[in-house]
Amino acid sequence: MKKTWWKESVIYQIYPRSFKDSNGDGIGDLRGIISKLDYLKDLGVDIIWLSPIYQSPNDDNGYDISDYYSIMEDFGNMADFDEMLQGMHERGLRLVMDLVVNHTSDEHHWYQEARKSPDSPYRDYYFFRKEPPNNWQSIFGGPAWDYDEVAGEYYLHLFTRKQPDLNWENPKVRQEVYKLMRFWLDKGVDGFRMDVIPMISKYLDFPEGDFSDFNRVIETLYTNGPRVHEFLQEMHEEVLQHYDMMTVGEGVGIAPDQANLYVGAQRRELNMIFHFGHMFIDHGPDGKFDIVDFPLTEFKEVFNRWDEAIGEEGWLNIYLDNHDFPRMVSRFGNDEEYHEASAKMLALLILTLRGTPCIYQGSEIGMTNVAYDSLDEYRDVESLNAIREYREKGKDLKELLRILHVQGRDNVRTPFQWDDSDHAGFTEGAPWLKVNPNYPKINAQTERTNPNSIWHFYQKLLTWRKEHPTLIYGTYEEVTKGDERLFAYLRSDKDHTYYIIHNFTGRAQNFDFPDGDWALELSSYASTTDKLQPWEGRVYRLTT
Ligand code: GLC
Ligand code: CA
């Protein structure tokens, strides 16, 4: 397998709106990021992925772009960007930008021109139809075809009404995308995280969907369209191959057996994807707000299945949360009694599975989901749509409050908790989204003072991982199949074998070793006992 920097690196995702505000307007910004570059360097991550910072009316917090060539005013300007990028490079950090090109904002001038007339040269940049050709639903609720009064036609938007889908069939659209990619790459950025990239090729016969299973519709109708690989190969040919860069695709809708079509090295498409196996694991037939339980065996099978499917051909991105999903310690750990223990154990998990890990901002200090006491505190468009729908249908709003506390995207978008001062040291003004009230206890300052903290455990693991290439290139094999308490696997190459074991319960557990003699390499607890302690993770090294 070919060795490269993006396999050996660890990514850290910044959600700029919520990271650090430098000017007291309550919104995180680029100068805020600049002020925290030493913090990131000290933590030990290698690549920063920034959620979108382009100009946007913020219907979907920057994932609705109105100008790909300028910086959102809330975040700063191009001079700030250049300084930030330089600051990163000086510290040996790389920058990956979010590339959102399945759709634009309806305020983008392409769309503004397109809607004016059927004869506009931009009309064909989007999908306009006289009548909605099918029953498609938007991923954020409501119909995916909406009437545009100015256009006098319906247009397609798989996300919000303000996010019209681009028509990639049009070669001019593709050239526009390549051009903007080159613009940022020529500035020196080191790669792209490609938003909903499996959606760029549409089934042009627009078949009807069976919405009794939304996830199924996404997998079969909204993603992996007939020309997606042709488009990505063209993008590789025209842009990607000319730069020393990395690409990670948001792998929504991709099944394990399709993965290497996107990331197989010889395919010349993307370097890696992140899949949704464990993100959809607790979604019922009605989607994410229809929450279902799942056993640990199913969670482990997701990783096993994907690792096997990728094999030696492709590469994966490993994550347990991001700006779209609940906090990992709240979802997969225990954010109450075993908050610290489970946050550390999950850190060990993401940093020892096979693939390039991605840490979402705040995981390193154990930030948790937020339980707002009123629906009025919610800001995310998906949450707001759900609230409207519940109101309209007369459904139980208390129940929705409970659901949003478990599944809402606001959970991961609350401001970063820097210290125990007002608004957690995120802003001197009023934050755009209310700070999680647990900040006096959970914050970076406290974490950095305590040598046994979650933060220090991340720091230690990040260094340790770099010194152990087996954890990067070695094979992966789960050895606790069928066990609902433990998740253990072997990582090995010709030089070393490691046995990594996690206790996914709040009780001490007995455990077995595979054959051979094993020496303890590290534990997520300060001291170990015969049994695995609640939510403990350990690494053993084979000595014979
Ligand atoms: C991706 C982004 C998400 C956004 C959506 C539409 O899933 O991660 O935040 O809302 O695409 O751009
Ligand atoms: Ca600001």
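Everything numeric in this text was worked out from a predicted model, so none of it was measured. These values consider heavy atoms only, across backbone and side chains, with no hydrogens, waters or symmetry-generated copies.
- The backbone N or O of Asp493 sits nowhere less than 3.5 Å from a side-chain atom of Thr470 that would complete a donor-acceptor pair.
- In this structure, the ring of Phe504 has its center less than 6.0 angstrom from the ring center of Trp535.
- Among residues two or more places apart in sequence or in another chain, the side-chain hydrogen bond (donor to acceptor under 3.5 Å, both in side chains) test is passed with Thr497 by none.
- The only option from Arg448, Glu364, Lys20 that meets the side-chain hydrogen bond (donor to acceptor under 3.5 Å, both in side chains) definition with Tyr39 turns out to be Glu364.
- His278 has its ring centre less than 6.0 Å from the ring centre of Tyr319.
- Put simply, the side chain of Phe274 does not reach to within 4.5 Å of the side chain of Met279, judged on heavy atoms.
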Determine, step by step, whether Asp282 and Lys288 satisfy the salt bridge (Lys or Arg N to Asp or Glu O under 4.0 Å) criterion, reporting the C-alpha distance in whole Å, the side-chain angles of both residues, the deciding distance to 0.1 Å, and the verdict.
CA-CA 7 Å; Asp282 54 2; Lys288 69 187 291 184; over 6 Å; no

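- Glu301 has no carboxylate O lying under 4.0 Å from a charged side-chain N of Lys481, or vice versa, which leaves the two without a salt bridge.
- The shortest distance between side-chain heavy atoms of Tyr338 and Glu336 does not fall below 4.5 Å.
- Of the listed residues (Leu240, Val189, Asp190, Val96), just one forms a side-chain contact (heavy atoms from CB on, under 4.5 Å) with Met245, and that residue is Leu240.
- Relative ring orientation between Tyr489 and Tyr476 is described as tilted, the plane-to-plane angle lying within the 30° to 60° band.
- Evaluation of the ring-ring contact (aromatic ring centres under 6.0 Å, His included) rule for Tyr178 yields no partner, not counting sequence neighbours.
- Side chain of Asn411 to main chain of Leu404: a donor-acceptor pair is present (N/O by atom type, distance under 3.5 Å, no hydrogens or angles).
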List the steps and the verdict of salt bridge (Lys or Arg N to Asp or Glu O under 4.0 Å) for Glu298 and Lys300.
CA-CA 5 Å; Glu298 199 181 316; Lys300 295 189 291 184; over 6 Å; no

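- Of all non-hydrogen atoms in Thr368 and Asn438, the two that sit nearest each other are OG1-ND2, 2.8 Å.
- Under the ring-ring contact (aromatic ring centres under 6.0 Å, His included) criterion, Trp168 pairs with Phe231, not counting sequence neighbours.
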Please assess Tyr262 against His229 for the test side-chain contact (heavy atoms from CB on, under 4.5 Å), listing each intermediate value before the final yes or no.
CA-CA 7 Å; Tyr262 287 88; His229 297 294; 3.6 Å; yes

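- The aromatic rings of Trp315 and Trp6 sit perpendicular, their planes meeting at an angle over 60°, well past the 30° parallel limit.
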Take Lys41 and Asp46 through the test salt bridge (Lys or Arg N to Asp or Glu O under 4.0 Å) and record every step on the way to the result.
CA-CA 8 Å; Lys41 182 67 190 166; Asp46 310 290; over 6 Å; no

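- Applying the salt bridge (Lys or Arg N to Asp or Glu O under 4.0 Å) rule to Lys187 yields the partners Asp82; only residues at least two apart in sequence or on another chain are considered.
- If you look at Tyr498 and His468, their ring centroids are closer than 6.0 Å.
- Close placement of the Phe19 and Trp418 rings is indicated, their centers lying within 6.0 Å of each other.
- In this structure, His103 and Phe159 have tilted ring planes: the angle between them lies in the 30° to 60° band.
- Every residue two or more places apart in sequence or in another chain was checked for a side-chain hydrogen bond (donor to acceptor under 3.5 Å, both in side chains) with Gln459, and none qualifies.
- A salt bridge does not link Glu467 to Arg465: none of the charged nitrogens lies less than 4.0 Å from a carboxylate oxygen.
- Of the candidates Leu522, Leu349, Leu471, Leu490, Ile500 forms a side-chain contact (heavy atoms from CB on, under 4.5 Å) with just one, namely Leu471.
- For Phe280, the ring-ring contact (aromatic ring centres under 6.0 Å, His included) criterion is met by Phe276, His283, not counting sequence neighbours.
- Counting only heavy atoms from C-beta outward, the side chains of Leu99 and Asp195 never approach each other to under 4.5 Å.
- Centroid-to-centroid, the aromatic rings of Tyr540 and Phe513 come within less than 6.0 Å.
- For Phe457 and Trp455, the ring centers are positioned 6.0 Å apart or more.
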